[in-house]
Amino acid sequence: MILEPFQYFSPLSLDEAFEILTEHHGEAKIIAGGQSLIPLMKMGVEMPCIVDIKKIHELKTIELSNDGSGKVSSVRVGALATYNEIERSVPVRRNIPLLAKTASGIGHPLVRNRGTIGGSLSHCDPAADLCATALALDAQICITGPGMKTRVLSARDFFKGPLETDLHNDEILTSVFFPVSNMKMGYDVQKLTLGHGDFPVFIVSVSLHYDGVKFTNAAIALGGVGETAVRASECESLMRGKESITGEDIREVSRLITDRYDPPVSAELSPDYTREMLSVYTGKALRNAVQMVTG
Amino acid sequence: MEAQTFELKFKLNGKEVNALVDTRETLLDVIRDTFGLTGAKKGCDEAACGACSVLFNGHAVCSCTMLAAEAHGGSIVTVEGLSVNGEPASLQKAFMESDALQCGFCTSGQIIAAASLLDNADRELDDNEIREGMSGNVCRCGAYNKILHAVSETSRKRKAK
Ligand SMILES: Cc1cc2nc3c(=O)[nH]c(=O)nc-3n(C[C@H](O)[C@H](O)[C@H](O)COP(=O)(O)OP(=O)(O)OC[C@H]3O[C@@H](n4cnc5c(N)ncnc54)[C@H](O)[C@@H]3O)c2cc1C
Ligand code: FES
Ligand code: FES
């Protein structure tokens with residue numbers, strides 16, 4: 001039950017939304033899928049003014065976007081795209097399959113029919129599935145504020161800390177750009193959860209690009225091991241540029257990851273177990289990704 | 001702050017309805033308490049059991065984790081709205097024929113989740129797809145195998161049509 005009263009607004013356009021956000025400065029809170037916000041409201045967190053952005057239709061679109069020469073350069077995913085819509089989207093499945101795969105594994109289907117990419121990234125839980133995958137895919141976050149002032153920043157610069165981002169409270173995350181690669185892709189996402197549909201304890205998201213000769217890009221993003229999702233850059237550089245990634249390489253990367261990152265302490269799991277699983281799941285994600293490329 | 005109200009209008013089981021609600025009310029509370037439709041149940045009240053599932057614009061959602069105001073202008077179908085001319089729908093019949101319940105507390109949520117899954121699928125679903133598709137709906141009596149049977153039978157029959 002929600003106890004604290006609040007005003008509810010449902011603007012039909014971004015302009016109207018910014019008017020409300022400006023008028024109720026500091027008190028207004030955006031609601032998207034509500035799958036994190038409503039539980040918080042039920043816990044008694046006071047939110048005197050709720051601004052529902054779901055009637056702003058332009059925030060729902062998922063589309064291919066071209067660079068100047070007409071070549072597809074990225075997929076633009078509107079902030080309000082739900083996990084279910086992302087999972088089913090043809091442009092996403094075709095061009096950014098890791099994003100589709102990640103979305104299809106979040107929580108359970110009832111949550112996936114509500115939760116949105118904009119909400120998940122703005123909420124910025126350190127172990128959220130999409131935060132890790134947005135980092136692995138070098139996503140660009142598009143933010144608009146009053147006066148339609150728009151800025152774009154990388155996922156890396158957007159995530160600031162646990163439940164903390166670069167968003168100001170009169171700004172809206174409007175869309176997320178995922179760059180499209182014409183290289184061969186290998187990818188996987190693996191996570192440890194206590195039970196099916198539970199929030200990840202940690203998550204590993206891997207994206208590899210292969211140009212036919214060598215791995216031109218190797219991205220490993222980890223969620224749940226720090227203040228925000230992080231890129232394991234020092235491990236990536238061990239793989240980038242290589243012509244092949246062997247089982248021994250993968251074991252070394254997995255070892256390095258468990259040396260450098262601390263999986264979270266939980267009441268249910270012993271630290272040794274969680275650490276071992278971080279190594280196991282990193283290895284599994286990398287092996288699957290490499291195998292997709294080399295067959 | 002004083003309690004705030006919201007002039008809510010939406011389609012409930014095919015009929016346009018309206019009500020003056022408190023902004024704090026969840027969709028589940030309004031469906032049960034204002035409209036007296038008690039098929040959707042309050043189990044956990046935190047999106048963890050699926051007993052409160054309803055179809056919102058054709059997709060199953062937890063009505064406990066949705067503000068009633070968020071349903072404004074949308075279409076809600078509860079388990080009461082699935083029957084055809086007062087007769088249980090084929091999916092509901094399959095639940096009865098498969099004996100897919102014990103206490104029945106989770107059943108309306110299970111049926112709604114299954115309806116969403118089947119309505120949004122373009123082919124016959126295999127058992128694993130059904131398990132994953134229904135994984136937000138907990139059955140504390142453990143009638144899972146029979147629930148799976150009911151849903152897969154319905155999926156097979158729909159495909160055969
Ligand atoms: C049972 C359950 C299981 C879950 N399991 C998982 C899981 O396995 N993995 C996982 O990653 N998540 C999980 N979640 C969380 C879920 O993914 C949430 O949907 C997500 O954290 C928030 O997205 P939302 O659209 O629901 O946002 P909301 O709850 O509406 O908002 C979250 C926050 O983001 C802000 N916000 C939302 N949209 C915008 C925007 N466009 N611009 C600026 N600010 C915005 C809001 O003000 C709020 O602070 C689970 C949730 C539940 C209830
Ligand atoms: S009552 Fe809504 S999910 Fe349990
Ligand atoms: S039949 Fe009792 S909870 Fe499912």
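Note that these values count all heavy atoms, side chains included, but never hydrogens, waters or copies made by symmetry. Chain letters run A, B, ... following the sequence lines, proteins first and then strands; every chain starts at 1.
- Within the 4.5 angstrom heavy-atom criterion, only side-chain atoms of B:S116, from C-beta onward, approach chain A.
- Using a 4.5 Å cut-off between heavy atoms, B:L117 makes no contact with chain A at all.
- Using modelled atom types, one finds a donor on one side chain and an acceptor on the other under 3.5 Å when comparing B:T78 with B:E80.
- A salt bridge does not link B:R24 with B:D29: none of the charged nitrogens is closer than 4.0 Å to a carboxylate oxygen.
- Looking only at heavy-atom pairs under 4.5 Å with chain B, the residue among A:L3, A:I50, A:T82 that has the most is A:L3.
- Side-chain contact check for A:T133 and A:S205: at least one donor-acceptor pair (N or O, by modelled atom type) lies under 3.5 Å.
- Residue A:D198: no heavy atom, backbone or side chain, is found under 4.5 Å from chain B.
- The existence of a salt bridge linking B:R156 and B:E124 is excluded, since no basic side-chain nitrogen approaches an acidic carboxylate oxygen closer than 4.0 Å.
- For B:N120, the parts lying under 4.5 angstrom from a heavy atom of chain A are both the backbone and the side chain.
- Heavy atoms closer than 4.5 Å to chain B are found in the side chain of A:I38, but not in its backbone.
- Heavy-atom neighbours of B:K159 NZ from other residues, nucleotides or ligands within 6.0 Å: at or below the threshold of 12.
- Between chain A and the residues B:E70, B:E25, B:E46, B:E2, the largest count of heavy-atom pairs under 4.5 Å involves B:E70.
- Between the side chains of A:Q190 and A:D188, at least one donor N or O sits under 3.5 Å from an acceptor N or O.
- Proximity to chain B is absent for every atom of A:E46, based on heavy atoms less than 4.5 angstrom apart.
- B:D33 pairs by the side chain to side chain donor-acceptor pair (under 3.5 Å) definition with nothing, not counting sequence neighbours.
- Checked against salt bridge (charged side-chain N to carboxylate O under 4.0 Å, His left out), A:E85 has no partners two or more places apart in sequence or in another chain.
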Test B:K9 against B:E16 for salt bridge (Lys or Arg N to Asp or Glu O under 4.0 Å), laying out the working first. CA-CA 7 Å; B:K9 266 201 191 115; B:E16 290 291 346; over 6 Å; no
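- Heavy atoms closer than 4.5 Å to chain A are found in both the backbone and the side chain of B:T65.
- Listed options B:M134, B:H72, B:M1 were ranked by heavy-atom pairs under 4.5 angstrom with chain A; first place goes to B:M1.
- No other option in B:A69, B:C62, B:A47 has as many heavy-atom pairs under 4.5 Å with chain A as B:A69.
- Only the side chain of B:T26 comes within contact range of chain A, with heavy atoms under 4.5 Å apart.
- Ranking A:K55, A:E4, A:K42, A:Q7 against chain B, the residue ahead of the rest is A:K42, based on heavy-atom pairs under 4.5 Å.
- For chain B, the nearby part of A:I31 is the side chain; its heavy atoms alone come within less than 4.5 Å.
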